[in-house]
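Right, one structure below, let's go through it.
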Amino acid sequence: MNGERRIITSWIGYLILILLLFVGNFPHHVWCQNRPPPRKGKPRLSPLISNLFLGRFNKTVEQYQPEIEKEIGFCTQDVKKDFHGAFDFEGREQFFQNCQDKLKDLPTRLCTVSELRVYFTSFLKNAGEKKSVSQSHFLGPNRNCNLTSWSQGCEAGWASTVNPGQKYDYNETDPKKMPFRTTDSKPCCEGFFCPQGLTCMIPCPLGAHCPVAKLNPTTGICLPYHYQLPSGQKNYSCGSADMWVPVQMGNEIFCAAGYYCPTTIKKIQCPQGCYCRMGSRVKYRCFPGTKCDKGTEIPSMKVYGILLIALLTAILIVVYNCSDQVISTRYEKQAKSREEAVKYAREIQARQKSRASKDASGWKPSGLQGIHQTLSRKFSRTKTKGSPSLPPSGPLGNKKEIRSLDDNTEVDKGLNLENGDKTKHERKASKELHTRSQIFKYAYGQIEKEKAMEEMNMYMSDVDVLRKRPRIEVAFKELTLTLKGKNRNIMRNVSGKILPGRISAVMGPSGAGKTTFLSALTGKISGCTMSGMILINGKNESIHSYKKIVGFVPQDDIVHGDLTVEENLRFSARCRLSADLPKADKVLITERVIEALGLQGVRDSKVGTVEKRGISGGQKKRVNVGLEMVMEPSLLILDEPTSGLDSASSSLLLRALRREAMEGVNISMVVHQPSYSLYKMFDDLILLAKGGLTVYHGPVDKVEEYFEGLGIRIPERVNTPDHLIDILEASPPSHEPNNKEQREVEKYNYFSTPDLSGRVTPGVFRQYKYYLGRVAKQRMRDARVQAADYLILLLAGACLGTMAEVSDVSFGYTGYQYTVIAVSLLCMIGALRTFSQDKLQFKRESASGMKSLSYFMAKDTMDLLNIVMKPLVYLCMFYFFSYPRSSFVSNYLVLLCLVYCVTGISYTLAISLEFSQAQLWSVLLPVVLTLVANQDKKSFASLVAKFVFPRWALEAFVVANSKEYVLYLFPCTMVFGY
C-alpha cells in the first residue's frame, strides 16, 4: 500500500508539473477559430539579401559620387541619401523572398559593385546626349557580354548566375575583375530589372512597378516593356524590366498614373476620393471641393483658382476705388483742426489787442507807442537781460519758449514769455506740444502776432532780430566761362558781389548768360571751363561747403506732382532744417511760407503732373520757390521765378522774398523784363549783354543816373528794364576768342568738402523715416496703377496655368518657361517706375544735401511689398490651374527670388537709362535670356547660359518638381540636356 501510495503520489506530481508547463506555454499556441493554423516556417532571407544589395549599392555610389555631382550635381543635394532612399526596401523586401523561392540562388545573381559600376558609367556617359532609349542605355562591351562572348543572360530581361567554383569579391570595383556569369541563365524575377549587356539583376527602385512581362505574339515584344525576344530561339521567354531610364525616355518602369504601388511588385488602382500621380507609393486624399473618381491622376484645382480670382479681384476693386479716401479722411481731420486753430488764434489776438488798448489808456505812454510796448511785452520772443542769448540761426528762439495753447487761461499766461513770469509748470508745458491741435494753435498764434506787428509798421523791428540767419556774401572777380573744346567765351571778366539782406536782379537779353552766371555761383555749371575767383565771405571756399543753407530754385518746376502743396513743403522743411528744431517750429515755418506765398486755398491739393491736372502753373511756380524758403536759407538763388506769373502773383512772390531779405538772406534772381513796380522792389541790378559782358552792376535807384551819364536817356512812360534790354538786344553779340591764360578754379571733391554751414540736418535713418512716409503716400495715391499690375498678374497666371502642360515627362517645363518670361517682364516694367519717374526731383534733393542712401532705402523698402505680393498673386492662379508636383511654398520661394533679382535689374536700368530705353530693355532681357538659357552645351551661347537668371529659375523649378519623385535624381537629368 505504501508503495502504491508512493507511486500514485509521484504520478500526481508529474501530472501537476506537465499541467503547469502546458498552461505556461498556452498563450503561445492558441489561435482564433477562423484563423488558419500556422504554416511550416521557412528561413527569412529577404532582409539579409536586401541589406546585402543596399550595401553594394552604397559602395558604388561612394565610388561615383564626385562624378555624379559633376555631371548632374544641380539635380541633387545629397547623392548618397537620394540613392539610399530609392533602394531602401525595409518592410518591402517580399519580392526578394519570392525570387529566392523561385531561383534558389538569388544572391549569386545580384550585381556586384564592379557590375554596378559598369551600368552607372554608361548612364553618366549618356545622360546628357539626346539619343533613343536603346542607344542611350546600351552598355559597352564587358567581361561577360562582348563580341566573342554573348550568353543568354546578356539579353534584355535575363540574368545568369556566377560560374561554379569561381572565387570573387562582392566589393571589387574594377570592371575587369567582375565575376564570370555565363551559366544557368533565366528570366529576371519580378521586382528586378536586367539590362541588355549585363548578366546580373538589379532591384527596381521604389515607386516603380516591375512585373514579369507578357509576350505579344504578333509583334514579339515583351509588354509593358519594349524589348524583343531574340529571333530563332524558342527556349526564350519574357523576363522582368530591362532598363531604368529617365521618365522623359520611357515611363514603363514607373507606377502608372491613377495607380499607387506600395511595393515594386504590387499595383493598386487609386480609389474614389483620392488621386495618384505616376510613381506614387501611396494614395493622396483629394482636397475639399474637388472631384476625384477612380483612377484620378491630378485633381482639378480650378475651383480654388476661380475663388481666389474672385476674392483678389474684389480686393483690388476696393483698393482701386478707395485708395484716395484713406488719405483724404486724414486731411479732412487736419483741415478741421487747422480751422479751429486759426479761429482760436484770431480770438486770442483780438482779446490781446483789446486788453492792450485798455492798459495803454492808464499808462503815461499813449497812442501807438503804448500799444507797441504792450504788444512787445506780450508777444516778444526775446528774453530779459539775464537770459541767455539765442543762436543766430534759430528761427524762433529757444525750444523751451514754445507754449501750449490748449485753453484760454494758459494762452493768456503763456503769451507773456518774459523770464520773470515763467513758472515751472509753464516751462514743462512748453515741451509738450505734440498733438496736432496744440501745434496748429501755436503756429497760427505766432503768425497772427507777426501780422499784428506788421500792421503797426514794427515788423522785424525787435522781434526778428533774433531770426537773423548766418550771413553769406558772394564776391566774384574776373569770372570767365569758356565752352570746352570750342575756345568760345560765354561769359567774360564779370566782377562784383551780391550782399546779404539785398535782392539782386540779373537781367539781360536772351543768350547773355544769366542762368549760366547764377549756375557758376552755385557750383552747378558743367561743360565749361571756368576761370577767375569766387569768394564766400571773403574767403576762397567752395559754395558746396554751405549747401545746407543755400537754396537754388530751378527754372523748371521740379516738384512731386503726386503730393499736395503742404506735403511738398513740409517734407523739405523736415529734411533740411536743423535736426534739433522742435516739430512745432517746423510746422510754423511751413505755415508761414504757405501764408506768405498765398497758397492757403490749394494747400491740400495735389500739385499735379503733365498727365494729371493739379494746381495752376503760377501756383506750382510758387511751390517751387517755397521748397527752398522753408529750409530758411542764407543764400537764395532763383532762376526766372516770375516767368509765367501774372503781375499780382509776381508782386506777391517779391513781397515774400522781401521778408526773407529783411532777415538777412542774400537773394539773387534772374528776371526777364519785369514790370516797373516789380523792378522797383529790387535792391541791386546786374545787367549782362550778349556774350557775357557786364553792362551795369549796382543799386537799382542809380541805374538811370548811370546811363544818362553815358548819353542814354530813359524816355518817359517807358519801362526802364524794357528799354535797356531792347538796346542790348539790338547790339551785335561779341564772341571774341579767349586768348588770355586761364586759371582754373579749384575743383572740390563732393565727399571731402568740409561742411561750414553750421547746420546739422537729420541723419540717414531719420531722413529714411521721412522718405518712407512720403513714398507710402505716393504708393497709396498710386494704388490704382498697383492694382492694375496685380490684375494683369492674375490674368497671366490663370492663362499660363491653363495652357501649361504639367506632365511627368516635362515637369511642366514649358509652363515654367512662360512663367519666367511673363513674371520677369511684368515685374521689371512695374519696378521701373520706382526710380524713373522722379529722377529730376532726386537730383534736386541730392544737390541740396539730402541723403541719397535714405532715398534709396525708402524706395526699396516700399518695393519689398511688391516683391513679396506679386509672386503670391501670380502663383495663386498658376499653381491651382496647373497643380504641379512641387509644393506651393517651393514654387513661391523660386518666384520670390526671381522677382527680387529682376527688380534689382530694373533699378539699374531705371537709374542709368532714360525711361523709354529702360522699357525696351525690360522687354528684351527676359525673352532673350530665357532663349539663351535653353541652349545646348555645344553652342556658343551655352557659355553665357550658366550666368543668366532664367537658367537658375528654370533649374530651381524643375528640381523642386523632381524632388517629389522617389527617383528624384534621374528624371531631371534630361531636362536641360545634361
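Just the heavy atoms: all of them, side chains too, but no hydrogens, waters or symmetry mates, feed the values below.
- Residues Val602 and Val565 share a closest heavy-atom pair of O-CG2, 3.2 Å.
- Counting heavy atoms from C-beta on, the side chains of Leu654 and Ser651 never come closer than 4.5 Å.
- Looking only at side-chain heavy atoms (C-beta outward), Phe842 and Met850 stay at 4.5 Å or farther from each other.
- The closest donor-acceptor contact from the side chain of Asp683 to the backbone of Ile503 lies under 3.5 Å.
- Between Arg492 and Leu693, some side-chain heavy-atom pair lies under the 4.5 Å cut-off.
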Going through the distances and angles, do Thr642 and Val671 end up as a side-chain contact (heavy atoms from CB on, under 4.5 Å)? CA-CA 7 Å; Thr642 59; Val671 185; 4.0 Å; yes
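- Between Val630 and Leu577, the shortest heavy-atom distance links the atoms O-CD2, 3.4 Å.
- At least one donor-acceptor pair under 3.5 Å links the side chain of Asn537 to the backbone N or O of Arg471.
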Could you go through Val695 and Leu724, starting from their C-alpha distance and side-chain angles, then the distance that decides it, and tell me whether this counts as side-chain contact (heavy atoms from CB on, under 4.5 Å)? CA-CA 10 Å; Val695 177; Leu724 295 177; over 6 Å; no
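- Not one N or O on the side chain of Ser545 forms a donor-acceptor pair closer than 3.5 Å with the backbone of Leu756.
- In summary, of the residues considered (Lys586, Gln600, Arg603), a side chain to side chain donor-acceptor pair (under 3.5 Å) with Glu591 occurs for Arg603 alone.
- The closest side-chain donor-acceptor pair between Glu541 and Tyr546 falls under 3.5 angstrom.
- Looking only at distances, a side-chain donor or acceptor of Lys514 sits under 3.5 Å from a matching main-chain atom of Pro509.
- The nearest pair of heavy atoms linking Ile490 to Cys528 is CD1-SG, 3.6 Å.
- Here the straight-line distance linking atom CD1 of Ile558 with atom CG of Asn568 works out to 12.5 Å at 0.5 Å rounding.
- Within 6.0 Å of NZ in Lys702 there are 12 or fewer heavy atoms belonging to other residues, nucleotides or ligands.
- Nearest heavy-atom pair across Gln767 and Cys575 is NE2-O, 3.5 Å.
- Looking only at side-chain heavy atoms (C-beta outward), Phe517 and Ile525 stay at 4.5 Å or farther from each other.
- The line from CG of Leu499 to CG of Asp684 is 6.5 Å long, rounded to the nearest 0.5 Å.
- A salt bridge links Glu628 with Arg576: at least one charged nitrogen is closer than 4.0 Å to a carboxylate oxygen.
- Around the NE2 atom of His697, the shell of radius 6.0 Å holds more than 12 heavy atoms that belong to other residues, nucleotides or ligands.
- In this structure, Tyr706 has its ring center under 6.0 Å from that of Tyr696.
- Salt-bridge formation is not detected for the pair Arg774/Asp838: no Lys NZ or Arg NE/NH1/NH2 atom is positioned less than 4.0 Å from an Asp or Glu carboxylate oxygen.
- Side-chain atoms of Gln619 come within 3.5 Å of backbone atoms of Ser616 as a donor-acceptor pair (strictly under, hydrogens ignored).
- Annotation for Lys477: atom NZ does not count as buried by contact number, only 12 or fewer foreign heavy atoms lying within 6.0 Å.
- Counting only distance, with no hydrogens or angles, the side chain of Glu478 and the backbone of Asn493 share no donor-acceptor pair below 3.5 Å.
- Here the side chain of Arg613 pairs no donor or acceptor atom with the backbone of Gly608 at under 3.5 angstrom.
- The closest side-chain donor-acceptor pair between Ser643 and Gln555, if any, does not fall under 3.5 angstrom.
- In this structure, the separation between CD1 on Ile498 and CG on Asn666 is 4.5 Å, given to the nearest 0.5 Å.
- You'll find the side chain of Met669 stays beyond 4.5 Å of the side chain of Ile637, heavy atoms only.
- Looking at every heavy atom in both residues, Pro674 comes nearest to Leu678 through CB-CD2, 3.9 Å.
- The two residues Ser668 and Leu518 come nearest to each other via the heavy atoms OG-CD2, 3.5 Å.
- Distance CD1/Ile543 to CG/Leu635: 5.5 Å, rounded to 0.5 Å.
- With Asp557 as the fixed residue, the salt bridge (charged side-chain N to carboxylate O under 4.0 Å, His left out) test singles out one of Arg622, Lys621, Lys620, Arg844: Lys621.
- Residues Asp604 and Thr564 have side chains that never bring a donor and an acceptor to within less than 3.5 angstrom of each other.
- For the atom pair CE (Met629) and CG (Leu569), the distance works out to 9.5 Å, reported to the nearest 0.5 Å.
- Look at Asp562 and Lys606 and you find no salt bridge, because none of the NZ, NE, NH1 or NH2 atoms lies under 4.0 Å from a carboxylate O.
- Considering CG of Asp755 and OG1 of Thr761, their distance stands at 7.5 Å, rounded to 0.5 Å.
- Between the side chain of Gln841 and the backbone N or O of Val559 there is at least one donor-acceptor pair closer than 3.5 Å.
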Candidate pair Leu645 and Leu653, rule side-chain contact (heavy atoms from CB on, under 4.5 Å), full reasoning: CA-CA 10 Å; Leu645 299 182; Leu653 177 61; 4.1 Å; yes
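- When atom types are taken as modelled, the side chain of Ser634 and the backbone of Pro470 share a donor-acceptor pair closer than 3.5 angstrom.
- Residues Val494 and Ile686 fail the side-chain proximity criterion, which asks for heavy atoms closer than 4.5 Å.
- In this structure, the side chain of Ser650 engages the main chain of Asp646 through a donor-acceptor pair within 3.5 Å.
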Please walk me through it: do Lys547 and Phe552 pass side-chain contact (heavy atoms from CB on, under 4.5 Å)? CA-CA 9 Å; Lys547 65 180 178 180; Phe552 181 82; over 6 Å; no
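- Annotation: side chain of Ile667 is not in contact with side chain of Arg502 (no heavy-atom distance under 4.5 Å).
- The shortest distance between side-chain heavy atoms of Ile534 and Val474 falls below 4.5 Å.
- Side-chain atoms of His560 and Glu845 form a donor-acceptor pair, as typed in the model, at a separation below 3.5 Å.
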